Protein chains: 2
Amino acid sequence: MTVSITDVAEATGVSASTVSRALRGRPGVSEEMRARIVAAAAELGYTASRSASSLASGRTCTIGVVVPYVGRWFFGTVLDAAEKVFSAAGYDVLLYNLGSPEARKRFFTKLPIRKRVDAVLSLLIPDPEEATALRSLDVPLATTVGGARPGFTVVGIDDRGGAESAVRHLVNLGHRRVGMISGASEPLHWTTPLDRRRGYLDVLADAGIEPDPALETDGAYTVEGGERAMSELLALRHPPTAVFAQSDEMAMGALRALRRHRLRVPDDVSVVGFDDHELSEVIGLTTVAQPVAAQGREAARLLLAQLDDPDAGPADPVEMPIRFILRETTAPPHSRRQR
Amino acid sequence: MTVSITDVAEATGVSASTVSRALRGRPGVSEEMRARIVAAAAELGYTASRSASSLASGRTCTIGVVVPYVGRWFFGTVLDAAEKVFSAAGYDVLLYNLGSPEARKRFFTKLPIRKRVDAVLSLLIPDPEEATALRSLDVPLATTVGGARPGFTVVGIDDRGGAESAVRHLVNLGHRRVGMISGASEPLHWTTPLDRRRGYLDVLADAGIEPDPALETDGAYTVEGGERAMSELLALRHPPTAVFAQSDEMAMGALRALRRHRLRVPDDVSVVGFDDHELSEVIGLTTVAQPVAAQGREAARLLLAQLDDPDAGPADPVEMPIRFILRETTAPPHSRRQR
DNA sequence: CTGTTAGCGCATTCAC
DNA sequence: GTGAATGCGCTAACAG
C-alpha cells in the first residue's frame, strides 16, 4: 500500500501538519523534531502526493514546455538546457510535442495544460489565437523563438542581422545569383523565416541585385526539404552560384543534393547555413552561430524569476549574441577556373 | 477566477456528479443532458483539474519518460515518437532528463515521479538499484535500450549482431588492425556498449585476429569524444587502418579528426558507425541502421497496452530489425596505392 | 513550536 | 437517469 502523510505522522507521534511543515522545510518546527520526521519519512519511503499537495496549495511545481519537434537538434538542445534549469529548481517538466497540425490543434483547443502547470515555456510561436489561449492560463509565459508577443518573456536572436551577415558574405565574395532555402511553408507561424528572409532581401537591395523569386525555395527546415529545394534551384535555367539556407539542416540537405549532382562545394556552388548545428563543424559548413542551449537556459531562468515574484510581468526581451563562422563551403564564384 | 465543476453544474442546473459523468463519457446520463452539459462546459471554458481528478480516482493520465540526454539525436527521436503515441492516447508526458550523475542521483533517491505517473518509459538502463527503485513505483515499466530487466518491457535491437556486421565488413575488406571507439566510460550502465564490444571481439576472434587493447578507445558517445578517441588511435605506433565507432556521432567525430590529420577516408582509414543518424547519409557514412523512432513508438504502444490490461505483466522482449548500410567511408586498406 | 479544523476539486459509492 | 454523501492526501488558517 502506498504510504501517506498520516503514516509518517503516526510513526513519529505527531500531527500531519507538523510532518508537512517539517518535510517542506517550513519554519515552526524544532530541528530535533524535523530530524526525527525526516528519518521516519525516509524509512517508510514516503513521498508526498503531488496531486494532493497541488490541490491543496494551488501550486503544481510543474512547468509546461511546448515544442514543435523534440527530435530536431535545435529544439532538443533548447529543451535539454531548459529542463536542467527547471529540475534543478525543483520543478517537473510536462512536455508537449506539437509537430502535426492535429496535435497542435488538439492541444490548443483542449488545453490539457490548464491547471496543470505553474508556467509555460513555448518553443514555438503561437499564432494570435493560440497566444490568447496560453494567456488565458494565467501563468507566466516565455518563448525562445521569433518576435515579441505581449505577455511573453522572449529570449531570441537577431535573425535579420544574422541572415544579413551570411548573405553579405556571399555577395562580398562576388556572387550575384544568390539562392535562398527557407521554411516559409511551415504551419508554425513563427517569425524566424520572415526575419531571415528580410535580411536576405536587405543585402541584395544594398548590393543593387534584383531579387529573383525563382531563387527562393522551400526546405521546410529539414534535411530532406533542403535537398529537394537545392535540386529545384539546380533545375533552374540560371541556377544560383551561392545559396543561403535558413538552417544548417537544410544546408546539409543542399550539400547532399549538390553531391548527387556531382557539383563541388565551394568550387561550383557556395553554401551558407544558419544555427551552427553540432555537426556543422564536422562538415565544414560556413554558418551563423547562435547560442542555442544558452537561450533555453536563459528563458527558463527568467520564467523561474517571474514565478518567484508573482506580481512581476514578463521580462524585457533578451537578444543573445550571434556570430558568423567562416568554414569551407564558401568561395568566390567559379573559383575553379581561377586555379 | 478558475471555473470548477460546480460552476458547470450550476449553469446547467444539475449536480456535480452528473457533470462529471457526462464530461467523461460515462454511462448513466441521457444524451440530451450530456449535450447540454458539454455545451455549458465549453462555454465556460471548463477543464477538469488534473490534481483533483487524479487525487479522487488514483489515475494520473501521465506517463513519465526518463532520458539521459534529450538533446542527442537518438533519444530525441525516440522521445518524439513515444510522445506522439502517448498524447494521442490522452496521456501527458512528464520528462526527466538525467544527463549528469547529480541529476540522476537526485531523481532516483527522491523519486519525484512517485504517485505522479501511471507508467514509466526509461530510455536509459537503470542499474540494479535504480531498477528496484522504479519497480517500487508499482506501475508498468518499459525501456528501449539494452538488455532485459525483470519487470520491464524491453524493445531493442541486436547490438551484438549489428556490431558484428559492421566489423565483419571491415575484416572482409582485408583490414587486420581494426580500432573501436566506444562509450564504456559513461556512467550509464547500459548494456549497449558491452554488447557492441562483444560483437567486435567475436568477429576478430573468428578472423584469427588478436585483439589489441590499445585499439579500443573511449568516445563517450559524443562527436567531441569520437574526435578525441580517433586522435588517440592515430597517435599509436601502429594506428588502425579501419575503425568501428559504436555510434554515428562518434564516427563523425572520428571523421573530423581524420580530416584534421590530413588523412583521407576511406583511402587512408575506413570508418563504420552505428545508428544511421539522420545526417549520416549526408556525410556518406557506412553504418548499421536501426529503426529509432519505431522503437519509441513500439515501446509506448506496449506500455499503453499494459495500462489497459491492469493485470498483464511486462510484454515479451521485442527485437527490432537492423541492417548494414554500405556508403562511402569504407574501402580495402591502402586502397590508395592500388590505384 | 505544535495540534485542530477546513477545505482544495473531483470521482465514486450509494440512495432515490 | 440523477443527486447526496464521502473521501482521495495534503496544505493553510487558526488556536493553543
Side-chain angles (χ1 to χ4, degrees), chain A residues 1-38 40-41 44-62 90 92 111-118 138 310, chain B residues 1-38 40-41 44-62 90 111-118 138:
Chain A
M1 213 27 225
T2 162
V3 21
S4 81
I5 198 169
T6 54
D7 297 323
V8 189
E10 285 172 9
T12 332
V14 295
S15 72
S17 349
T18 304
V19 174
S20 174
R21 280 188 287 254
L23 259 26
R24 287 180 304 140
R26 315 303 299 256
V29 183
S30 68
E31 277 316 310
E32 180 200 344
M33 178 90 308
R34 189 188 306 275
R36 277 181 54 203
I37 292 174
V38 167
L44 294 174
Y46 169 73
T47 313
S49 154
R50 270 307 221 302
S51 309
S53 82
S54 50
L55 182 56
S57 71
R59 298 176 58 248
T60 63
C61 289
T62 302
D92 284 339
L111 230 48
I113 206 174
R114 163 158 282 151
K115 301 178 188 169
R116 287 216 70 176
V117 299
D118 292 340
D138 206 32
Chain B
M1 216 22 230
T2 164
V3 21
S4 83
I5 198 170
T6 53
D7 297 322
V8 183
E10 284 173 10
T12 333
V14 295
S15 73
S17 346
T18 304
V19 174
S20 175
R21 280 189 284 256
L23 259 24
R24 286 179 307 138
R26 314 306 299 258
V29 183
S30 67
E31 277 317 311
E32 178 200 346
M33 182 88 279
R34 189 188 304 276
R36 277 180 52 202
I37 292 174
V38 168
L44 294 174
Y46 169 73
T47 312
S49 154
R50 271 303 223 304
S51 311
S53 80
S54 48
L55 181 56
S57 71
R59 297 176 58 248
T60 62
C61 288
T62 302
L111 230 47
I113 205 174
R114 164 159 282 149
K115 301 177 188 169
R116 286 216 70 175
V117 298
D118 292 340
D138 206 32

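Residue numbers begin at 1 in each chain, while the letters A, B, ... track the order of the sequences. Quantities reported herein were computed from a predicted structural model and do not represent experimental measurements.
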Inset, instruction - Return the value, rounded to whole Å, for the distance between atom CD of B:Glu32 and atom C1' of D:dT2. - result: 13 Å
Inset, instruction - Using a cut-off of strictly less than 4.0 Å, decide whether A:Ser30 has a side-chain nitrogen or oxygen near OP1 or OP2 of C:dT2. - result: yes
Legend entry - Nearest-angstrom distance from the residue atom CG of A:Leu55 to C1' of C:dG7: 9 Å
Legend entry - Atom-pair distance (CZ on A:Arg36; P on C:dT2), nearest Å: 9 Å
Inset, instruction - Send over the distance from B:Glu10 CD to D:dG3 P, rounded to a whole Å. - result: 13 Å
Inset, instruction - Identify, with sequence neighbours excluded, every residue that meets side-chain hydrogen bond (donor to acceptor under 3.5 Å, both in side chains) alongside B:Thr47. - result: none
Legend entry - Where protein sits on nucleotides 11-16 of chain C, one letter per nucleotide: B base, S sugar-phosphate only, - none, heavy atoms under 4.0 Å: SB----
Legend entry - Between the first and last five pairs of the helix from C:dC1-D:dG16 to C:dC16-D:dG1, the angle of the axes, rounded to 10 degrees: 30°
Legend entry - With sequence neighbours excluded, residues passing side-chain contact (heavy atoms from CB on, under 4.5 Å) with B:Ala56: none
Inset, instruction - For the side chain of A:Thr2, starting at C-beta, report the closest nucleotide among D:dT2, C:dG3, D:dG9. - result: D:dG9
Inset, instruction - Sequence neighbours left out, what passes side-chain contact (heavy atoms from CB on, under 4.5 Å) with A:Ala41? Give chain and number order. - result: A:Val8, A:Leu23, A:Tyr46
Legend entry - Listed partners of B:Asp7 passing side-chain hydrogen bond (donor to acceptor under 3.5 Å, both in side chains), at least two apart: none
Contacts under 3.5 angstrom, residues 28-35 of chain B side chains, donor-acceptor by atom type, not counting sequence neighbours:
residue: B:Ser30; atom: OG; partner: B:Met33; partner atom: N; Å: 3.2
residue: B:Glu31; atom: OE2; partner: B:Arg34; partner atom: NE; Å: 3.4
residue: B:Arg34; atom: NH1; partner: B:Ala22; partner atom: O; Å: 2.9
residue: B:Arg34; atom: NH2; partner: B:Arg26; partner atom: O; Å: 3.0

Inset, instruction - Using only side-chain N and O atoms of A:Ser49, determine if any of them is under 4.0 Å from OP1 or OP2 of D:dG9. - result: no
Inset, instruction - Round to a whole Å and report the spacing from CG of A:Leu23 to P of D:dG9. - result: 16 Å
Inset, instruction - Would you kindly give the CE-to-P distance between A:Met33 and C:dC1, to the nearest whole Å? - result: 12 Å
Legend entry - Spacing between A:Lys115 atom NZ and C:dC8 atom P, to the nearest angstrom: 13 Å
Inset, instruction - Please identify each residue that fulfils side-chain contact (heavy atoms from CB on, under 4.5 Å) with B:Ser15, with sequence neighbours left out. - result: B:Ser17, B:Thr18
Inset, instruction - For A:Thr60, enumerate each residue passing the side-chain hydrogen bond (donor to acceptor under 3.5 Å, both in side chains) test, keeping only those at least two apart in sequence or located in another chain. - result: A:Asp118
